[in-house]
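Worksheet: one structure, shown below.
All of these numbers come straight from a predicted model, not from anything done at the bench.
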Amino acid sequence: MAPPPKGVVISVPVLVASVAASAIFIFFLIPFLSSCSTTPCNCPTSTIKTITTAPTSTNNYQRSSTNQISPTQEDIDWWKNQIQKNQLQDYMETRNKLRKGINPRTRAQQLQDLIQFKGISHYEGEESENHTVLSCPGELLVEEHHSNYGEPWAGGRDVFEFLAESSKLIPGSRVLEIGCGTLRVGLHFIRYLDSQHFHCLERDELSLIAAFRYELPSQGLLHKRPLILKGEDMDFTRFGSDVVYDLIYASAVFLHMPDNLVWIGLERLSGKLKPSDGRIFVSHNIKFCSRLGSDECTKRLSRLGLEYVGKHTHDSLLFNHYEIWFEFRRSMM
């Protein structure tokens, strides 16, 4: 004979505690219910509202949008205030010398230490079971590649802000950089955009080593999977036949290329630019166009389905510097 089914047994003390808790809950709920019966009750509804908090200079500051790129005027005012509050506006180099605790060695001295002592800690012997099998070249570890641009490395942020704002980018946008180098600018796009939405064609092997062996891992951006390819032939089919870009830019790159290669690139890029809203930005100069004369350049651009939008001057927040950018878009047919 099968045993009778087991029931749930509740002890008397547990039952008494449950009844007491219910009574207390009802006691506190009655005043709330009575107030709702006499006055309008602000109960939640099924409508979802997005609340935007305006930026303030208090400790409760919140960005007005997760997509904010450039600093607001309030950001800049706060920044200036902090500099003045800490009496840094009259900084004098002669008053601030590098000292022992700051490790005042040049990059060359740091590099020599890395070569001689292999850094602070290192593996000896067999290295196949640890990351040192992919050790980073010493010249990258002392960031010599940050001095390859003739201006501060930090200026890459300026370029990103200008291009992203001018192109009205959102994280879901797609961006192609022609000649991303060591990712001075590209790092900021990679961080901002969705995974795999940043593409680059770069010819220089040393720059690619710096990008892959130092910058991407040091910035924690490996998960963004940027598509960076080595090449100098303006072959963009390797990025996919169906991809179209919201922004294509070349920062101080076209001026180093033969004019005919630039025109070949523009011809191949025109079909990969998103209609209407897509933009091509070229920095520093457009000698490839001006050398033809304005009328001939306009005609050639028109044959490629492109048109010149205008010239922009962008100021840097970081140092006494500005850049000239030239904007193009697909022809409005």
Side-chain angles (χ1 to χ4, degrees), residues 65-70 156-204 207-208 211-212 215-216 219-254 257 262-283 301 304-310 312 314 323 325-333:
S65 168
T66 56
N67 291 338
Q68 180 180 323
I69 294 171
S70 299
R157 176 73 196 186
D158 286 322
V159 175
F160 161 72
E161 289 183 4
F162 167 72
L163 293 174
E165 295 279 14
S166 299
S167 305
K168 299 179 175 60
L169 293 188
I170 59 175
S173 301
R174 293 185 180 274
V175 174
L176 169 66
E177 180 174 4
I178 303 168
C180 56
T182 56
L183 298 180
R184 174 174 171 263
V185 179
L187 284 174
H188 303 285
F189 280 105
I190 294 169
R191 185 178 292 109
Y192 178 74
L193 297 173
D194 290 343
S195 178
Q196 302 180 56
H197 280 213
F198 177 84
H199 295 175
C200 167
L201 188 66
E202 171 58 52
R203 62 173 291 184
D204 183 59
S207 295
L208 290 171
F212 283 112
E215 293 301 334
L216 288 176
Q219 297 295 320
L221 294 174
L222 295 177
H223 68 288
K224 284 301 188 82
R225 304 293 195 275
L227 183 53
I228 303 172
L229 301 177
K230 182 180 180 181
E232 55 182 333
D233 52 2
M234 292 291 196
D235 180 9
F236 304 108
T237 60
R238 298 159 63 194
F239 295 105
S241 57
D242 299 329
V243 63
V244 292
Y245 297 101
D246 299 271
L247 169 65
I248 299 170
Y249 71 95
S251 179
V253 171
F254 281 0
M257 292 183 180
V262 173
W263 283 108
I264 290 173
L266 288 174
E267 180 179 7
R268 294 173 178 174
L269 289 171
S270 61
K272 292 191 168 294
L273 190 63
K274 185 174 289 187
S276 181
D277 295 330
R279 291 292 186 270
I280 294 177
F281 278 90
V282 179
S283 77
L301 286 171
L304 299 181
L306 297 173
E307 64 180 27
Y308 174 60
V309 177
H312 305 268
H314 174 63
E323 283 191 330
W325 287 88
F326 300 90
E327 179 183 358
F328 303 84
R329 67 183 177 192
R330 287 180 63 168
S331 301
M332 308 298 287
M333 305 297 289

- For the residue pair F328 and L273, establish whether any side-chain heavy-atom pair is separated by less than 4.5 Å. no
- Any I178 side-chain heavy atom under 4.5 Å of I248 side chain: yes
- For the residue pair V175 and Y249, establish whether any side-chain heavy-atom pair is separated by less than 4.5 Å. yes
- Item | Greater than 12 external heavy atoms within 6.0 Å of R268's CZ | yes
- Query: Please walk me through it: do F189 and E177 pass side chain to side chain contact (heavy atoms under 4.5 Å, CB included)?
  - Reply: CA-CA 10 Å; F189 280 105; E177 180 174 4; 5.6 Å; no
- Could you please spell out the steps behind the side chain to side chain contact (heavy atoms under 4.5 Å, CB included) verdict for H314 and D158? CA-CA 8 Å; H314 174 63; D158 286 322; 4.0 Å; yes
- Message: List the residues meeting ring-ring contact (aromatic ring centres under 6.0 Å, His included) with F198, not counting sequence neighbours, and say none if there are none.
- Response: none
- Task: Compare all side-chain heavy atoms of Q196 with those of L227 and state whether any distance is below 4.5 angstrom.
- Result: no
- Query: Side chains of L176 and L269: closer than 4.5 Å at any heavy-atom pair?
  - Reply: yes
- Grab the two heavy atoms, one from K224 and one from I190, that are nearest each other, plus how far apart they are. NZ-O, 3.0 Å
- Task: Might you work through the ring-ring contact (aromatic ring centres under 6.0 Å, His included) test for F326 and F254, ending with a clear yes or no?
- Result: CA-CA 12 Å; F326 300 90; F254 281 0; over 10 Å; no
- Task: For F281, check ring-ring contact (aromatic ring centres under 6.0 Å, His included) against everything at least two apart and list the hits.
- Result: F162, H312
- Query: Can you name the closest pair of heavy atoms from A164 and I69 and give their distance?
  - Reply: CB-CD1, 3.4 Å
- Message: So which atom in A211 and which in G181 form the shortest heavy-atom distance, rounded to 0.1 Å?
- Response: CB-O, 4.1 Å
- Note on the structure: When R174, K274, K272 are each screened for salt bridge (charged side-chain N to carboxylate O under 4.0 Å, His left out) with D246, the one that passes is K274
Just distance, no hydrogens or angles: give the donor-acceptor pairs under 3.5 Å from side chains in residues 237-244, sequence neighbours left out.
unit_1 : atom_1 : unit_2 : atom_2 : d
T237   : OG1    : D235   : OD1    : 2.6
R238   : NH1    : K230   : O      : 3.0
R238   : NH2    : K230   : O      : 3.1

- Measure the shortest side-chain to side-chain distance between F212 and L222 over non-hydrogen atoms and say whether it is less than 4.5 angstrom. no
- Item | Identified salt bridge (charged side-chain N to carboxylate O under 4.0 Å, His left out) partner of R279 from the options E307, E327, E165 | E327
